[in-house]
Amino acid sequence: MFENLTARFEKVFRFLKGQGKLTEANIKEALREVRLALLEADVNYRVVKDFVSRIQERAVGQEVMSSLTPGQQVIKIVHEELIKLLGEKAEPLSLKGPSPVTVLLVGLQGSGKTTTAAKLALKLKKDGRHPCLVPADVYRPAAIEQLRVLAGQVGVPCYEPGQGESPESIVKAALNYAGSQRCDTLIVDTAGRLHIDRDLMEELRRLKQILSPEEILLVVDAMTGQDAVNVAEAFHKELSITGVILTKLDGDARGGAALSVRAVTGCPIKFVGVGEKLDALEIFHPDRMSSRILGMGDILSAIEKA
Amino acid sequence: KNARESLSKKIDTVVARGRPVDQELLEELEEALIMADVGVNATSLIMARITEVIKKQRPQDSSKVQDILKDELVNLLTIPAHPLDPSSAKPFVIMVTGVNGVGKTTTIAKLANYWKNQNFSPLLVAADTFRAAAIDQLVLWGERIRVPVIKQQPGADPSAVVYDALEAAISRKHDLVIVDTAGRMHTRVNLMEELKKINRVISKKLPGAPHETLLVIDATTGQNALSQARLFKEAVGISGLVVTKLDGTAKGGTVIALCHELGVPIRFIGVGEGLDDIEPFDPVAFVEALLG
Ligand SMILES: Nc1nc2c(ncn2[C@@H]2O[C@H](COP(=O)(O)OP(=O)(O)OP(=O)(O)O)[C@@H](O)[C@H]2O)c(=O)[nH]1
Ligand SMILES: Nc1nc2c(ncn2[C@@H]2O[C@H](COP(=O)(O)OP(=O)(O)OP(=O)(O)O)[C@@H](O)[C@H]2O)c(=O)[nH]1
Ligand SMILES: [Mg+2]
Ligand SMILES: [Mg+2]
């Protein structure tokens with residue numbers, strides 16, 4: 001599927017060879033391929049449209065570096081702009097403020113919130129902090145048990161809700177619990193919900209009000225398609241999220257959702273999930289993501305050496 | 001609601017305005033298909049066919065174009081296949097597969113409940129022994145719908161659980177066995193081998209089984225669904241699809257390319273987290289929702 005792209009670019013390269021300046025006409029050909037690559041990577045249609053026209057503007061009239069063909073020059077510009085859009089460099093978690101600092105995880109059903117909560121706890125523990133996990137998903141069968149088991153694996157405390165306790169009451173109690181356990185960080189797992197579910201989005205707003213979280217992280221499945229923009233925009237509008245975690249990047253999804261989510265929220269992608277194991281959480285690297293979305297690691301490293 | 005309107009184009013509003021049938025209209029249709037996750041390749045294919053039909057029929061009104069598009073999509077989604085009929089074997093064994101978090105376990109609870117209401121006696125098998133509390137999750141569903149669940153300890157060999165379950169199903173005369181498997185990335189070779197092994201154990205114990213192998217696809221998924229379907233099919237031979245989470249704003253258009261390419265029918269769709277949020281697949285209704 002993706003190997004075509006390399007072949008297609010080769011065609012474009014040949015087509016563009018021997019031209020000293022990037023013109024509207026020769027860029028157009030290359031950008032058509034870029035557009036297709038981005039769409040195949042699930043970058044949202046509108047985001048692609050904006051992006052491609054921005055590239056076009058920037059590229060027209062540029063001198064072609066002597067070491068590159070005009071086609072490669074376009075790719076170089078595309079790659080640079082993608083990195084810029086994805087956020088240049090990795091952004092760490094913000095854990096300022098009085099203890100306990102709270103991190104709230106939100107997102108659609110099955111995106112990976114509970115697993116990611118435990119992964120974050122492990123990471124913070126390794127960093128010398130004292131995190132505590134809070135299960136505020138009272139809807140999914142065995143969701144609380146799932147977090148409890150994972151907390152045991154990480155070796156951090158997990159708040160134990162009472163029978164029928166509401167999410168609001170759970171997070172309130174957890175604030176006190178953190179004190180009693182000498183925890184400096186609360187990581188709150190919430191139930192998966194649709195961004196169009198008014199009641200459950202309202203519930204998140206109440207949790208936010210109670211907790212005043214330092215970070216509200218939207219957990220997004222890297223396999224998400226065109227709908228990623230709708231989801232991200234709605235969660236951001238409702239909660240003013242502070243960052244994004246992209247999960248399930250260990251598969252072969254190109255991960256265009258990263259670009260869509262970043263474009264509509266402007267929020268940094270902080271981590272990526274790369275497996276089911278609890279240490280499978282990595283810092284987000286915009287340059288790697290850019291290559292992945294374009295499906296062209298090889299070409300890019302060749303260009304970088306030039 | 002606003003987000004949805006500003007960012008996704010409804011095909012209905014594109015075509016149903018009595019506009020002339022011109023290039024602009026076709027471009028907007030193309031855009032709408034891409035935004036429904038139909039994908040670049042399948043969209044080109046569909047647009048080529050539509051252009052062909054338009055040339056022949058020369059429709060004056062754009063709403064006619066909508067009918068042409070609907071017919072085309074319904075065609076692509078109508079796959080000739082034997083029906084999914086649990087009374088065709090006893091016990092009828094269904095294996096449920098898919099990548100992580102798509103809705104396998106929930107779908108199994110819904111299906112067991114659906115067939116229980118038609119007087120079948122299902123048995124559920126907790127063969128996801130890997131994910132934290134996966135067994136508890138299925139057991140809770142089982143209690144809720146009053147259907148027994150065969151399980152072992154977390155970390156047990158899934159094939160051994162399935163073997164036990166088949167013995168139990170035979171001796172207790174269950175009509176239907178539904179196997180919940182752990183979510184796995186289709187690219188993880190060893191995990192796909194594990195799935196093949198479960199399959200072998202089933203067919204050794206009960207020749208002809210599993211009678212149905214379902215692949216669950218999350219409607220929110222983009223083009224990666226194709227890769228998932230190809231690799232799961234290669235490993236264990238998918239006979240049907242279930243598309244979940246169609247109650248959200250994602251259109252699930254990726255299954256159009258998928259059904260067409262793999263020749264595998266969609267059996268059910270999931271439209272919520274509740275037990276009753278499952279419907280037998282209806283291509284016409286699906287296409288209408290996709291375009292609406
Ligand atoms: N391969 C892979 N699987 C992951 C990753 N992160 C989470 N998962 C798996 O995805 C599935 C869903 O993860 P959960 O953590 O339960 O997701 P959730 O968002 O809490 O789900 P709900 O609470 O039902 O909304 C599980 O099978 C996890 O093991 C990842 O980075 N890679
Ligand atoms: N909105 C919506 N949510 C669904 C649907 N089907 C399942 N879910 C939710 O999706 C999440 C994941 O569902 P599971 O059934 O645990 O998914 P799974 O495929 O078994 O997950 P793993 O075993 O971890 O791979 C849960 O929160 C379910 O409630 C659906 O049709 N619509
Ligand atoms: Mg969860
Ligand atoms: Mg499951």
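Reminder, nothing fancy here: chain letters follow the sequence lines and each chain counts from 1.
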Any side-chain heavy-atom pair of V99(B) and K248(A) under 4.5 Å: no

Between D252(A) and S227(B), a side-chain donor and acceptor under 3.5 Å: yes

Proximity breakdown for V102(B) and chain A, heavy-atom pairs closer than 4.5 Å: neither

Option that, when pairs with chain A are counted at under 4.5 Å, heavy atom only, ranks first among D218(B), L140(B), N100(B): N100(B)

Interface residue of largest heavy-atom contact number with chain B, from A142(A), P141(A), G110(A), under 4.5 Å: P141(A)

K197(B) with D157(B): basic N within carboxylate O range, under 4.0 Å: yes

Interchain contact, L108(A) with chain B, by part (heavy-atom threshold 4.5 Å): side chain

Max heavy-atom pair count under 4.5 Å with chain A, selected residue of I135(B), T220(B), T244(B): T220(B)

E276(A) versus chain B, the contacting section by heavy-atom distance below 4.5 Å: side chain

Side chain, backbone, both or neither of E273(B) within contact of chain A (heavy atoms, under 4.5 Å): side chain

Polar contact flag, side-chain donor to acceptor under 3.5 angstrom, T254(B)-D37(B): no

Contact leader toward chain B among D42(A), L150(A), V149(A), where contacts are heavy-atom pairs under 4.5 Å: D42(A)

Separation between OG1 of T190(A) and CG of L200(A), rounded to the nearest 0.5 Å: 9.5 Å

Side chain proximity check, R148(A) to P135(A), heavy atoms < 4.5 angstrom: no

